[in-house]
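Below is one structure, written out as structure tokens; the observations come after it.
Residue numbers start from 1 in every chain, and the chains themselves are labelled A, B, ... in the order their sequence lines are given, proteins ahead of strands. The structure displayed is predicted, hence computed values, not measured ones.
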There are 2 protein chains.
Amino acid sequence: MTRKRVQKAADELGYAASPSASRLATGRTRTVAVVVPLLSKWFFAEVIAAAGRVLSGEGYDVLLAEVSTPRLRSEFFASPRLHGRSDGALVVALQLTGEELAALESQGQSVALVGSERPGAASVQVQDRDGGRAAVRHLLNLGHERIAFLGIREAPGSPLGGVPPAERLLGYRDALLEAGAPSDPSLELGVENTVEDGAAGMASLLTRVQPPTAVFAASDELAFGALSALRHAGLEVPRDFSVVGYDNHELSGAVGLTTMDHGVAEQGRLAAEALIGALSGEPARTSRIEARLVVRGSTAPPRRLRAGAR
Amino acid sequence: MTRKRVQKAADELGYAASPSASRLATGRTRTVAVVVPLLSKWFFAEVIAAAGRVLSGEGYDVLLAEVSTPRLRSEFFASPRLHGRSDGALVVALQLTGEELAALESQGQSVALVGSERPGAASVQVQDRDGGRAAVRHLLNLGHERIAFLGIREAPGSPLGGVPPAERLLGYRDALLEAGAPSDPSLELGVENTVEDGAAGMASLLTRVQPPTAVFAASDELAFGALSALRHAGLEVPRDFSVVGYDNHELSGAVGLTTMDHGVAEQGRLAAEALIGALSGEPARTSRIEARLVVRGSTAPPRRLRAGAR
DNA sequence: CTGAAAGCGCTTACAG
DNA sequence: CTGAAAGCGCTTACAG
């Protein structure tokens, strides 16, 4: 109460403590850096937005650090860029090496990771393998037998360093194995995580001598590309072909994409909370998120089955 | 050269000047705040990403400020939140009141605006009226006569405060007037800028006694919604209906949307440069960007004409 | 419990 | 031209 009134009086008088002075005196910045490989992708923006809300709710400033190329990445970790600027770093998607993590810690940063894991560091991760399995089971349950996997291969210029969604491929294989479905390496494809490459990848999968009747795409962006390629190939979804994505992208509803929701905003929130915990000296917290199937209009029984049913 | 070698030596020794100390001594933070109504929309993320690259290239830290509700907005401007934290603010889309601008300036901020204009402040704007006119002319040239406008109405909870894309509506009317096409207020609709509302708006436009054959949507998100509504209504685009969007959203290529490209990244870049200029005492710089038509697959002559042509 | 003083790590004006 | 000193505006340990 008193606190609030003082704050209000201060605001009215236009008084504000000098952050630089108090930072210098205390050695704490009450600032957190958010480190992402790319800002303009929906996933990262959504994580940052959610994390930022809890962070600023707790009185932290949030500093933006985009490391979009391997070059920027090595420069970022080689120089003490965060030293004295933030107390902690929330690192999204980048698979940190031991040295990179050590570099952050030597700059006095507490660290929270989203989408990767490191001994001793707080992190939040998605049960991607389970998610992949659930996606493919959905297709198997509909009666599909030839199911392709359209995965994310890292671009040469990507700073990610590690292939987080590799787990999604494992889940795909798990589901096939469980069902006793024959696994066919020619149906597994890895492309860059863009709509364009998703389309090209889908087009290529359609040229197999025995083409698939469904695809599990490791991201919604790839799935959007796949949908576009299928349309161009004259195939109608889901009548002629089924597609499952992964993300529950804000636009996946608009195109009626069946997908896996892995709680993107939730990832940001949990990571921010874990980081705040770490900043107050709490031992590293690890959270796991389960992905859940969202059925929309891009999946249906394969043509053969439905024809038979009539 | 020497400078570079000193930098390198410093990096190797792990030495880094204390930002707090130098900020306290100089009174300059070498930090810029980016103020956006929403982080997780593609447009804002893209503007921030582009601005952030030029800003950090010039050695500025970038601080994130999301003011996503009217409440947060008034709190943000009522308290000296940026005082001593940043030297300048890059304000995206928010239509600042005179007091809000004054509040920023009293906190020692240089200001650059994107998507709005204020006497004395640097800004970058899009020639939205021209852009709207060009979009509608494209439809008129194809032979459409009943062209609807699906515009952005501000949500009650929106912090934007002003309707920037109102210019797009004026451009729409200009084009109709030029062509001597009858203007019909029942074909002008304003909805919230979401895919869902775009779909609902399109559905509603289709119920007019004399329905349109084409729509100009004031954003690509609205256009995505429109495409989805048209599909649900059993209409095929562009055979039965034409759609033009506005943004050149990263996913508009995937759905084959004809749209207006207003150089979103360029807006961010120019604003950052204008802000850097303002920070070094240069007089307020104003840039204007022209939107340009990108023809994809969502527009074609109206059915009547094509049938007649055969 | 209150209040004056030292110190945080820089920058810069000034004395030598 | 070089180097010691004051000052930026806080926090905090300490003297009274």
Looking at Asp61(A) and Arg23(A), is any side-chain nitrogen of the basic one under 4.0 Å from a carboxylate oxygen of the acidic one? yes
Output a table of donor-acceptor pairs, distance under 3.5 Å, between side-chain atoms of residues 105-115 of chain A and any protein atom two or more places apart or on a different chain; print 'none' if there are none.
unit_1    : atom_1 : unit_2    : atom_2 : d
Ser106(A) : OG     : Ala103(A) : O      : 2.9
Gln107(A) : OE1    : Arg81(A)  : N      : 3.3
Gln107(A) : OE1    : Leu82(A)  : N      : 2.8
Gln107(A) : OE1    : His83(A)  : N      : 3.3
Gln107(A) : NE2    : Ala103(A) : O      : 3.4
Gln109(A) : OE1    : Ser86(A)  : OG     : 2.8
Gln109(A) : OE1    : Gly88(A)  : N      : 3.1
Gln109(A) : NE2    : Leu82(A)  : O      : 3.3
Gln109(A) : NE2    : Ser86(A)  : O      : 2.6
Gln109(A) : NE2    : Gln107(A) : O      : 3.1

Sequence neighbours excluded, every pair satisfying ring-ring contact (aromatic ring centres under 6.0 Å, His included) that has a member inside residues 270-291 of chain A: none
How does protein contact run along nucleotides 8-13 of chain D, one letter per nucleotide 5' to 3', with B for base contact, S for sugar-phosphate only, - for none, heavy atoms under 4.0 Å? BBBS--
Roughly how far apart, to the nearest Å, are dG7(C) and dG16(D) at atom P? 16 Å
If you look only at distance, which donor and acceptor atoms sit under 3.5 Å apart when one is on a side chain in residues 266-277 of chain B and the other is two or more places apart or in another chain?
unit_1    : atom_1 : unit_2    : atom_2 : d
Glu266(B) : OE1    : Arg269(B) : NH1    : 2.4
Gln267(B) : NE2    : His262(B) : O      : 2.9
Gln267(B) : NE2    : His262(B) : ND1    : 3.3

Run the salt bridge (charged side-chain N to carboxylate O under 4.0 Å, His left out) test against Asp220(B) and tell me which residues pass, sequence neighbours left out. none
I need the full list of side chain to side chain donor-acceptor pair (under 3.5 Å) pairs touching residues 274-286 of chain A, with sequence neighbours left out, sorted by first then second residue. Glu282(A)-Arg285(A)
Not counting sequence neighbours, which residues clear side-chain contact (heavy atoms from CB on, under 4.5 Å) with Arg28(B)? List them please. Thr26(B), Arg30(B), Tyr60(B), Asp87(B)
Listed by chain and number, what are the side-chain contact (heavy atoms from CB on, under 4.5 Å) partners of Asp130(A), not counting sequence neighbours? Gln127(A), Arg133(A)
In dot-bracket form, how is DNA chain C paired, counting a Watson-Crick or G-U wobble pair only if both its distances are under 3.5 Å and using | for bases paired to another strand? |||.||||||||.|||
